[in-house]
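The sequence lines fix the lettering, A, B, ..., with proteins before strands; numbering per chain opens at 1.
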Amino acid sequence: MCRLRVLVDLPRHSRLDAVLDYLAPEPWPAGTLVRVPLGKREVCGIVWGMAETPDPAEADGEAPVLRSVVQVLTDLPPFTHGWLRLVAFAASYYQRSPGEVALSALPPDLRDLDAVQLARRLKRLDKALATAAKVANAAAQAGTPERPALSPEQQQVLDVLADGPPQPSLLFGATGSGKTEVYLREAERVLAAGRQALVLVPEINLTPQLEARFAERFPARCIVSLHSGLTPAQRLQHWLSAHLGRADLVLGTRMAVFASLPRLGLIVVDEEHDPSYKQQEGARYSARDLAVWRGRHEQVPVLLGSATPSLESWYNAGPAEAGGGRYRRLVMPSRIGGGALPAVRVVDLARIAAQFGKQALRAHPLAPPLLDALRERLDRGEQSLVLLNRRGYAPVLHCTNCGWKSACPHCSAWRVFHKLDRTLRCHHCGITERVPRACPDCGDPDIQPMGRGTERLEEQLADLLPGARVGRIDADSTRAKGSLAEQLASVHAGEVDVLVGTQMVAKGHDFRRMTLVAAVQADAALFSSDFRAPERLFSLLMQAGGRAGRDAALAGRSEVWIQTWHPEHALYAALRRHDYEAFAASQLAERESAGMPPFSFQALLRADARTPEAALAFLDAAALQAQALPGAQEVLIYPPVPAPIHRIADVERAQMLVEASGRVTLHRLLAQWLPALQGLSSEPATRVLRWALDVDPISI
DNA sequence: TCTGAGAAGATC
DNA sequence: ATCTTCTCAGAG
């Protein structure tokens, strides 16, 4: 008999570390999948290692009586050492149990399978792969697909990438500069060497088109996707193909960073700046950061691509003297085909108001010159995109008589008016009600929408541009499965002249005949309390601008219009010149003088409770604990504050920021703090509904 | 006294 | 997380 240390899915705050000891008749290597008894249940576990002594129960009666492993899933090769190390690192860095990290990285279906069911699935997978291989072979016979000639910049980047030991690189390439072609060539090199490539994208929506491009380029290869939009069975099949080394290319969202890849040879993180790479619940990991770590430790190149890199990455790719030097910086400033970047026009709303009267601006959502520009596109048969990052008809309704507003009864937020189904919906807790006929407070029937969302903008544009076909793409219009693809296809087919959309259309989609992109209400982010808001705005506008003039022939007359009350703002000035570098430099200078990331490292402790007092009391007590820990002098603990939206679904949320100048300092404190926090949450005086620690938070 | 919701405790 | 045991209020 030997003792196996096994990872099971237990959250960290159960004082066990989610590594439990079990007996097995023979030893199994780390990474082996097993089924073990846990309380009254039988659960999936992963062998983490062998325990030192054979069985302490024999030596001393105090030790727990060990239970036996029920089943070993021998049909599945064990996880690689590299994968296990990734799990261990992620668990310790983000302060979760390795069991939770490991098990939540598996497809849910896999966790429920016993050996017999697994064998059946594997057989079916084998058949499916054999059929796919036949198709692939036939495709390969038909000849190798044509590859576009490389631009000098692409060639140069690829030359650098081919040179030297594997390392992380930041590919800073303008929209339309052909970053995807670089990914394809790098993948080609790696595949030819018999390795697997992992490609991460920020959103599920972006997988189909990228998958199509890879499939077109590598018709003989097995390509699978990995994201939460797959059916459980698909997800298991795709995951298994990767784990068995049968899939050559794995394309997925942040969860895919944990894909088991025995022959991993390359990791690409496309749009690396995108906040979606940060997991916002459970183990709050950054898939981009884990990708970099994984690449380093598996000695595999990591390619981070973006036209507007995160300031963290930009800094890391900067000169070593300035604290960077961690990533290689690769630059592709020009668009493929020599197309110019669209001209950026900043519309000063104050001047428009002076010129046309405030009334005109109130009645019309768009400044008259912008409206003219839209008409111009319409006359030429070109398309326009009008961006508004707010869905629904109006963000709030109000009563003109008594001042009532459509507050959500459960959240500290307004309910949004959706005209299509005449509802008031809270975008935070989801509560949906019919719009009242009259003011619920005073009975006055005159309740009016305030502000505007995409629905209203769509309606107003249809009014202002008679004859134009106005379409709208946002989370509401694409709720049904497949409807986003359908609507995008209709835009591509030229069935829409003016497209209204939220940020979901600003990302990645290629609209060939689009020559105008307008952001009508961008200013809010300029004065947000979140220090990352300007970075996100710049990136959104840059990316949106990248939708315009993708067709080199039309690039010359492509424009980005931005309506603002603050035309002098440095962000817009940099945007006008397409000058990310200047923007980044000014932001970094600001961050440095304020001691904010990337010049410091942060963690955010969040607490949810029934009352704001309880949430704050927990955090206050937590702060006292932290201050008593060794090394606390090197860590800055901010006072607890209510969250930006302090109440959601009748739960009060508060948070407390902790900051240190070094990763190690911060980490040392967190590691000691966590057990103490567990103690706090079991004391009546500081009891909360939930608490969570967010390491490297991206929204504060 | 009985019952059931919710808290507390354990999981190798 | 999930399952069991405990505990205390309110019904019978």
Side-chain angles (χ1 to χ4, degrees), chain A residues 1-28 30-73 87-88 90-91 94-114 228 232 255 258 279-285 607-611 614-615 617-618 649-651 674-693:
Chain A
M1 272 296 176
C2 54
R3 260 170 82 209
L4 294 181
R5 313 218 66 213
V6 177
L7 299 181
V8 290
D9 189 10
L10 287 172
R12 169 140 193 174
H13 41 268
S14 53
R15 279 195 301 283
L16 309 150
D17 218 12
V19 189
L20 304 182
D21 287 0
Y22 289 90
L23 295 173
E26 48 183 315
W28 293 96
T32 305
L33 218 60
V34 292
R35 298 198 62 78
V36 293
L38 181 67
K40 285 278 149 100
R41 299 174 293 156
E42 184 190 302
V43 298
C44 178
I46 297 167
V47 177
W48 193 233
M50 296 275 288
E52 296 299 311
T53 52
D55 185 355
E58 291 164 13
D60 92 38
E62 297 284 301
V65 180
L66 299 184
R67 302 173 74 181
S68 293
V69 168
V70 176
Q71 201 171 48
V72 180
L73 300 163
V87 165
Y94 295 105
Q95 301 294 332
R96 312 294 294 200
S97 76
E100 182 193 5
V101 172
L103 275 297
S104 59
L106 304 187
D109 269 22
L110 180 67
R111 281 184 278 178
D112 301 331
L113 294 186
D114 64 28
S228 58
M255 60 154 63
F258 285 110
Q279 171 89 39
Q280 293 293 9
E281 59 200 10
R284 295 165 181 247
Y285 62 86
D608 290 0
R610 275 271 114 80
T611 65
F618 173 85
D650 289 323
V651 171
L674 229 76
L677 285 170
Q678 268 141 230
L680 264 193
S681 50
S682 58
E683 299 215 6
T686 49
R687 179 145 298 143
V688 287
L689 291 171
R690 270 183 303 276
W691 61 272
L693 186 71

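At a threshold of 4.0 angstrom between heavy atoms, the contacts of A/Arg111 with the nucleic acid are absent.
If you measure from atom CG of A/Asp112 to atom C1' of C/dA1, you get 13 Å, rounded to the nearest angstrom. Between A/Leu10 atom CG and C/dC3 atom P there is a gap of 13 Å when expressed in whole angstrom units. To the nearest angstrom, C1' of B/dT11 lies 13 Å from CG of A/Asp9. In this entry the distance linking CZ of A/Arg687 with P of B/dG9 reads 8 Å, nearest Å. To the nearest angstrom, P of B/dC12 lies 13 Å from CD of A/Glu42. Per the geometry, CG belonging to A/Leu23 stands 12 Å off P belonging to B/dC12, to the nearest Å. Note: CD (A/Gln678) to P (B/dG9) measures 15 Å, nearest angstrom. Taking atom CG of A/Leu20 as the reference point, atom P of B/dC12 lies 7 Å away to the nearest angstrom.
Considering only residues two or more places apart in sequence or on other chains, A/Arg67 meets the salt bridge (Lys or Arg N to Asp or Glu O under 4.0 Å) condition with none of them. Listed by chain and residue number, nothing satisfies the salt bridge (Lys or Arg N to Asp or Glu O under 4.0 Å) test with A/Arg687 (two or more places apart in sequence, or in another chain).
Side chain of A/Arg96 to backbone of A/Gly282: a donor-acceptor contact under 3.5 angstrom is found. The backbone N or O of A/Val47 sits nowhere less than 3.5 Å from a side-chain atom of A/Thr32 that would complete a donor-acceptor pair.
Around CD of A/Glu281, the count of heavy atoms belonging to other residues, nucleotides or ligands within 6.0 Å does not exceed 12.
At B/dT11, none of the side-chain N or O atoms of A/Arg67 fall inside 4.0 Å of OP1 or OP2 (strictly under the cut-off). The phosphate of C/dT2 (OP1 or OP2) has no side-chain N or O of A/Arg41 nearer than 4.0 angstrom.
Here the rule is side-chain contact (heavy atoms from CB on, under 4.5 Å) with A/Leu103, and of A/Leu110, A/Val8, A/Asp9, A/Val43 only A/Asp9 fits it.
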Please enumerate all protein N or O atoms sitting under 3.5 Å from an N or O of nucleotides 4-9 of chain C, with distances to 0.1 Å.
none

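Here the side chains of A/Phe618 and A/Asp608 are not in contact, with every heavy-atom distance at 4.5 Å or above.
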